[in-house]
Amino acid sequence: MTIITIEHAGKYDAQEVTIRGWLYNLRESGKLLFPIFRDGTGIIQGVCSLKENPEAFEALKGLTQESSVIVTGKIRAEQRAPGGYEMGVSKIQIVQKVPEATPFPIQLKEHGVDFLLDQRHLWIRTPRQAAILRIRAEAVRAARSFMDSQGYTLTDAPIFTPAACEGTSTLFEVNYIDDQKAYLTQSGQLYVEATAMALGKVYTFGPTFRAEKSKTRRHLTEFWMLEPEAAYAELPDMMDLGEGLVSAIVQSVVKNKSRELETLKRDVKKLENIRPPFPRITYEEAVAVLQKHGNPAKFGDDFGGDEETIISSAYDRPVMVHHYPSAIKAFYMQPDAVRPDLALSFDMLAPEGYGEIIGGSQRIHDYDLLIKRLKENNLPEESFQWYLDLRRYGSVPHAGFGLGLERTVAWITGTEHIREVIPFPRMIYRVYP
RNA sequence: UCCCCGGUAGCUCAAUGGUAGAGCAUUCGGCUGUUAACCGAAGGGUUGCUAGUUCGAAUCUAGCCCGGGGAGCCA
């Protein structure tokens, strides 16, 4: 018997096949049953009549939602079935029946966020969540593939770090061995600067941790970040790389995950536009745009969610804002040669109000300037000795950025909150399941 | 840390000072083309916790607990 996945059911019209999955729903109509099966790749309606298949009918009748089943039957085109195909069930094997006393908690109806997050391990079985996770996987695959194609080498940064990478955000402290303290990384950037001096063009892609007490739809305490870094690269090189990377991710999802985008009812037209070149405006131009919209922003302010939305909604693709004031940016960013009060930095803002998905910059490569900035920011010089070494031994101009995977996937999938685009979100006050 | 909102049956919600209810889910019965099927019946409650006001509190007050949205910070 041919075992198939539901996504390919249409190719087996009029053939008898076997599907291994779960009972998604069951409608009973007297001597006729309409089970809906899912197998992770999609859902398909089955039909089973008492008259034609009494054995299968009795096994299926009253079966509980999410019971695991192996079903065999003939696939046929059927207008009345969701998806256009249905299976005439002739044989069913129940792998495990969900007990009536403990029915599957997630019904085919609206549920509250709190409940769903407590049931996250089961919530991911629903078609919408499964589609999002498949798109996330495609985004990761496309991102790696693009970086590799551009000659970047993956050099993973450590997750345990001795001290703050940027000195600003709150860190998760962990007990290391023998009473030593260590911290969970909040960015692989400093390490990737080191590997860039070793290998030229590199990136790291892994989880990062922020103990900030942020409670917004754009924040997780554990999220994934892709951080390229290239020796001899300058700010415009990174803006080129960023728009190439984001375009590659989006186009790859559009091309290979159209079924999932359809499940999510995402407007694909908006994604098809996402191709280079992306608009680029300076920070000062962005402030002028904000003021024109009646926003009280002035030079020297950092942008919040409202500001990002105003700026990004003027474009149909991500916009890159560059040359922010040094005062509101990280200590390691290289000042502009002509306007030393501005940093060679850029943020990429996603359309439709999804906010910042990339933050990047050219890094300070001069030893004395870096020392000065460490002091200005009250950062302990001794913790940064290895980082300063990079400026002692053949320092070169270099640049990089960090791309937030969840924010990018939230935008691509049109998901309201980024907690839905990671299998098990870690948020302030929520580390279960 | 601050501001706002919420917590009633397994789930989604109603009841605004006077007997705690509906739909879904579960159980039982009915139905041969259902689309979160439908129809009939049953079981299911320490109204987040504590104290107070009151003849009487899900409802009013205070404190606490647990969530959600946003700000700041950031990806």
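Hydrogens, waters and symmetry mates play no part in the numbers below; they use all other heavy atoms, side chains included. Lettering follows sequence order; numbering is per chain, from 1.
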Please report, rounded to the nearest Å, how far the C1' atom of C74(B) is from the CG atom of Asp302(A). 9 Å
Could you identify the nucleotide paired to G23(B), looking across every strand shown and requiring Watson-Crick or G-U wobble geometry with both distances under 3.5 Å? C11(B)
Using whole Å, what does the distance between atom P of nucleotide G72(B) and atom CG of Asp301(A) come to? 11 Å
Under 4.0 angstrom, heavy atoms only, what part of the nucleic acid is Phe115(A) near: base, sugar-phosphate, or nothing? sugar-phosphate
How close or far is atom P of A25(B) from atom CZ of Phe104(A), stated in whole angstroms? 15 Å
Looking at C73(B), G10(B), G33(B), which one has an atom nearest to any side-chain atom of Glu86(A)? G33(B)
RNA chain B nearest-nucleotide lookup for Ser214(A) and Glu78(A): closer to the 5′ end is Glu78(A)
Checking base pairs now: Watson-Crick or wobble, both atom distances under 3.5 Å. What partners C74(B)? none
Same-atom distance (P) from A41(B) to A57(B), integer angstrom: 34 Å
Base, sugar-phosphate, or nothing: which does Glu222(A) touch, judged by heavy atoms less than 4.0 Å apart? nothing
Which value, in whole Å, describes the distance between the P atoms of nucleotides G40(B) and C31(B)? 16 Å
Taking atom types as they are modelled, would you say the side chain of Glu416(A) forms a donor-acceptor pair with the base of G69(B) within the 3.5 Å cutoff? no
Is there side-chain contact between Val246(A) and Leu403(A), with heavy atoms separated by less than 4.5 Å? yes
Looking at Lys213(A), does any N or O in its side chain come under 4.0 Å of the phosphate oxygens OP1/OP2 on U1(B)? yes
Suppose we define a pair by two distances each less than 3.5 Å, Watson-Crick or G-U wobble; what does G6(B) pair with here? C66(B)
Closest approach to the side chain of Val113(A), judged atom by atom: which nucleotide of C74(B), G68(B), U26(B) is it? G68(B)
Would you say Arg419(A) reaches G69(B)'s phosphate, i.e. side-chain N/O to OP1/OP2 under 4.0 Å? yes
Who is the Watson-Crick or G-U wobble partner of G40(B), with both distances under 3.5 Å? C28(B)
Looking only at atom types and distance, does a side-chain atom of Arg266(A) sit under 3.5 Å from a main-chain N or O of Ile412(A), one as donor and one as acceptor? yes
Mind checking the C1' distance from U46(B) to U32(B)? Whole angstroms is fine. 48 Å
Tell me which residues in residues 30-48 of chain A put a heavy atom below 4.0 Å from RNA chain B, sorted by number, or none. Gly30(A), Lys31(A), Leu32(A), Phe34(A), Gln45(A), Val47(A)
Identify which nucleotide among U34(B), C74(B), A25(B) has an atom closest to any side-chain atom of Gln107(A), counting heavy atoms from C-beta outward. A25(B)
Closest to side chain of Met225(A), choosing from A75(B), C74(B), C11(B): A75(B)
Within the pair His111(A) and G10(B), is there a side-chain N or O less than 4.0 Å away from OP1 or OP2? no
Using the C1' atoms only, state how far C28(B) lies from G68(B), rounded to an integer number of Å. 39 Å
Quantified in whole Å, what is the P atom distance between nucleotide A42(B) and nucleotide C24(B)? 14 Å
Would you indicate, yes or no, if G72(B) has its OP1 or OP2 atom less than 4.0 angstrom from a side-chain nitrogen or oxygen of Arg210(A)? no
Counting only side-chain heavy atoms from C-beta out, which of C74(B), A75(B), A71(B) sits nearest to Thr216(A)? A71(B)
Counterpart base for C55(B), defined by Watson-Crick or G-U wobble contacts under 3.5 Å: G18(B)
Strictly below 4.0 Å, N to O, side chains only: are Arg136(A) and Glu260(A) in salt-bridge contact? no
Using a 4.0 Å heavy-atom cut-off across all strands, classify Arg430(A) as base, sugar-phosphate, or nothing. sugar-phosphate
Mind telling me whether Tyr387(A) and Phe331(A) have parallel, tilted or perpendicular rings, with 30° and 60° as the class edges? perpendicular
Once you measure the plane-to-plane angle for Phe401(A) and Phe346(A), does it fall in the parallel (<30°), tilted (30-60°) or perpendicular (>60°) bin? perpendicular
